[in-house]
Amino acid sequence: MTMEKIRIAIQKSGRLSEKSLALFTECGINLTAGSGKLMADSADFPIEVLFLRDDDIPQYVADGVADVGIVGENVVKEKHKTIDIAERLGFGRCRLALAVPKIVNYTDVTYFEGKKIATSYPDILDEYLKKKGVNAEIHEISGSVEIAPGIGLADGIFDIVSSGSTLFSNNLKEVELVMNSEALLVANQKLTEAKRKIMNDLIFRIRAVQKARRNKYIILNAPVKNLDEIVRVIPGMKSPSVVPLMDKGWVSIRSVIAEKDFWEIIERIQELGAQGILVIPIEKMII
Ligand code: ATP
Ligand code: MG
């Protein structure tokens, strides 16, 4: 009997590649390169990795050539293949937006009526313009969309924006946000039960890594007189551990706090007399 594996498609080289590979490593899945550069497998987990252009991933997953894939939401939406979104991965964040030359006196989306817009995302744009009741000419190009207005190819563009620096250096400004995007774990809709189980194991590991990233382990010394109040600020996963110190007026507290609340929490517990605060990254977190 051959051991069941899942085949996962990830971007071969591009903005999602490194983070996709890093996610495997953090999940304890080390890859061994297969023959050529198209595939890799792992001794740690029943997985086979297929390296592809990101545009092709939805189709491969829909067809079942790959069982699952990691790809941007923008690409998933543009290709509208019949696949499941198994998990949102929280990296590769960007947005799809309309932009026009800086000098344009832009008021609203009706500006695009009768205009020419260059994009690599014609379907998402078309759907957006229909919803807004705007008739514009969509000019599909596959790359360097941002130069289109400058060379007289289009009046505006519809493209990926993250920091906005590409727009800026091409004398463009963002005028309409159309969708936000992040990397998704997508899955074939007809996975066998065995494959679905492997995928769920992978998702379990991914969640443990993501939770760990969002939280920090904190150790601090606190005056006993403020213990109740401090514990209210850092309630922990179940409840914090409190260890007595030799000095009767003090205890040591260990807990877990959310990264996003970090500075606010530190400030509050300092006000309550906490000292010797150590903040430690967590590698995995299973609740
Ligand atoms: P391929 O050669 O695989 O077709 P590509 O050039 O189409 O690659 P990339 O530029 O590598 O694609 O971007 C891949 C995905 O990463 C995008 O579809 C998007 O979801 C996401 N992405 C794009 N730009 C950024 C950014 N600046 N920051 C974060 N994520 C981004
Ligand atoms: Mg692509």
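In each ligand, atom 1 is the first atom listed, and ligand 1 is the first ligand listed.
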Residues clustered with F204, ILVMFWY side-chain links under 4.5 angstrom: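 Once heavy-atom contacts under 4.5 Å are chained together, F204 belongs with I286.
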
Other members of the hydrophobic cluster containing I103, with the 4.5 Å side-chain heavy-atom rule, please.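 Taking Ile, Leu, Val, Met, Phe, Trp and Tyr as members, I103 stands alone, with no cluster partners.
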
Got more than 12 heavy atoms from elsewhere within 6.0 Å of CZ, R95?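 Counting neighbours around CZ of R95, more than 12 heavy atoms of other residues, nucleotides or ligands fall under 6.0 Å, so yes.
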
From atom 21 (C) of ligand 1, work out which of S162, C94, G72 has a heavy atom at the shortest distance.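 Among S162, C94, G72, the closest heavy atom to atom 21 (C) of ligand 1 belongs to C94.
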
Out of Q11, R53, K12, R15, who gets a non-hydrogen atom closest to atom 10 (O) of ligand 1? R15

Does either side chain, that of E283 or that of Y217, offer a donor lying less than 3.5 Å from an acceptor on the other one? no

Residue pairs meeting side-chain hydrogen bond (donor to acceptor under 3.5 Å, both in side chains), one or both in residues 150-163, sequence neighbours left out, come to S163-S165

Identify which one of D67, L185, L50 satisfies the side-chain contact (heavy atoms from CB on, under 4.5 Å) criterion when paired with I8.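 Per the side-chain contact (heavy atoms from CB on, under 4.5 Å) rule, the option paired with I8 is L185, out of D67, L185, L50.
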
Considering heavy atoms of the protein only, find what lies nearest to [atom] and give residue, atom and distance to 0.1 Å.
atom: atom 29 (C) of ligand 1; answer: R93 O, 3.3 Å
atom: atom 7 (O) of ligand 1; answer: D54 OD1, 3.2 Å
atom: atom 20 (O) of ligand 1; answer: N74 OD1, 2.7 Å

In ligand 1, which numbered atoms sit nearer than 4.0 Å to a non-hydrogen atom of G14? 11 (O)

Salt bridge (charged side-chain N to carboxylate O under 4.0 Å, His left out) with E26: of K284, R213, K19, only one passes, and it is R213

Can an N or O of E73 be found at a distance shorter than 3.5 Å from an N or O of ligand 1?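 So ligand 1 has no N or O lying under 3.5 Å from an N or O of E73.
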
Going by chain and residue number, what protein N/O/S atoms come nearer than 2.8 Å to the Mg ion (ligand 2)? D54 OD1, D55 OD1

Check whether F262 forms a cation-pi arrangement with K260 (NZ or CZ under 6.0 Å from the six-membered ring centre, at most 45° off the ring normal). no

